[in-house]
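See structure below.
In what follows, every chain begins at residue 1, and chains take the letters A, B, ... in the order their sequences are listed.
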2 protein chains.
Amino acid sequence: MTNSPQHALTLPPNARVTPQRRAVLEAIGSLRDGFTLVELYDRARVAEPALGLATVYRTIELLRRTGSIRPLENDGRPTYVRCHAGHHHHLVCTRCGAVEETELCAAPSAAELRRKHGFRAEAHQVDIFGVCGLCA
Amino acid sequence: MTNSPQHALTLPPNARVTPQRRAVLEAIGSLRDGFTLVELYDRARVAEPALGLATVYRTIELLRRTGSIRPLENDGRPTYVRCHAGHHHHLVCTRCGAVEETELCAAPSAAELRRKHGFRAEAHQVDIFGVCGLCA
DNA sequence: ATAACTGCAAACGGTTTGCAAGTCT
DNA sequence: AGACTTGCAAACCGTTTGCAGTTAT
């Protein structure tokens, strides 16, 4: 869906590298940018059949902490998205569920929000829904 | 938190007006812009003590259909937000949970997304997190 | 009159947790 | 050795659903 370089899938500094975690990381590498937990679980079990669901949840949480992935709500289905380095937003296809990243960003400026609303913006999240090139 | 006029809390055309639904609508009117389902439930039960949780869920769903409210994920806590008419986005205070609306919007243009990504944008959602005027 | 609505309680689905056994460093 | 990790199963939590009784129109 995109071929810009991936943000490395990194575990936190002191996390151990186990076969199970390796299987999860490799499974993420082989999935499209947006995936559900069950998709991930099924794929990782190809390499690691005894893998437990709880382990996938625990690994996902580690990856979320390092910023490697981000949870996203796509039409009520909890979904995870690989995050490239740097500021970006997501283009979510409402037909096939594919997620693409875009560096285009034009969120309201912090200064303007401060002036008009007295609001100190710290982060924003822009998710754009529509139909991707392949589905159109 | 904001004093621009509220989008009327309207039920769908053929929905009946019952004491329970009236209690829920009034409770929403008395809550801040962003509220959790339990907050709403507790408030509505002041007027309607026998109110069931399921009824609140069902009423919320009706309001969501008319665009009167919108679900929002604030820090893992499922939250609902009153929606004014017209295009707007939400300023979510990460300290007190208050939600304010802003008409400021500068999401990437559909044309640009089409050109650069072959993506046909249909909708977008911009949520801005930070600290509101009162908390700052 | 009748279709819509309600409360209840059970069912549900996704996520988290406690624990004993096993493993990475 | 010792802290970390795992799989399992149970617990948990928010949400949905089936149903029999009630109510708005």
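- For B:E101 and B:H90, the side-chain atoms include at least one donor-acceptor pair closer than 3.5 Å.
- Not a single donor-acceptor contact under 3.5 angstrom links the side-chain atoms of B:R16 to the base of C:dC5.
- In this entry the distance linking CD of B:E61 with C1' of D:dT16 reads 11 Å, nearest Å.
- By the 4.0 Å N-to-carboxylate-O rule, A:R64 lies close enough to A:E61 to be salt-bridged with it.
- A residue-by-residue look at B:Y41 and B:V17 shows that B:V17 has its nearest nucleotide of DNA chain C further toward the 5' end.
- Checking C:dC8, D:dT6, C:dT15 against every side-chain atom of B:R58, the shortest atom distance belongs to C:dC8.
- The CD-P distance, from A:E48 to D:dG7, rounds to 7 Å in whole Å.
- Listed nucleotides: C:dT6, D:dT5, C:dT15. Nearest to the side chain of B:Q20: C:dT6.
- Between A:H89 and A:H124, the distance separating the two ring centers is shorter than 6.0 angstrom.
- Considering only side-chain atoms of A:A54, the nucleotide from D:dC8, D:dT17, C:dT15 that sits closest is D:dC8.
- Straight-line distance from the OH atom of B:Y57 to the P atom of C:dA11: 19 Å, rounded to whole Å.
- Panel note: side chain A:R82, backbone A:L31; a donor-acceptor pair is recorded below 3.5 Å.
- In this structure, A:R21 reaches the sugar-phosphate backbone alone: every heavy-atom distance under 4.0 Å involves primed, P, OP1 or OP2 atoms, never a base.
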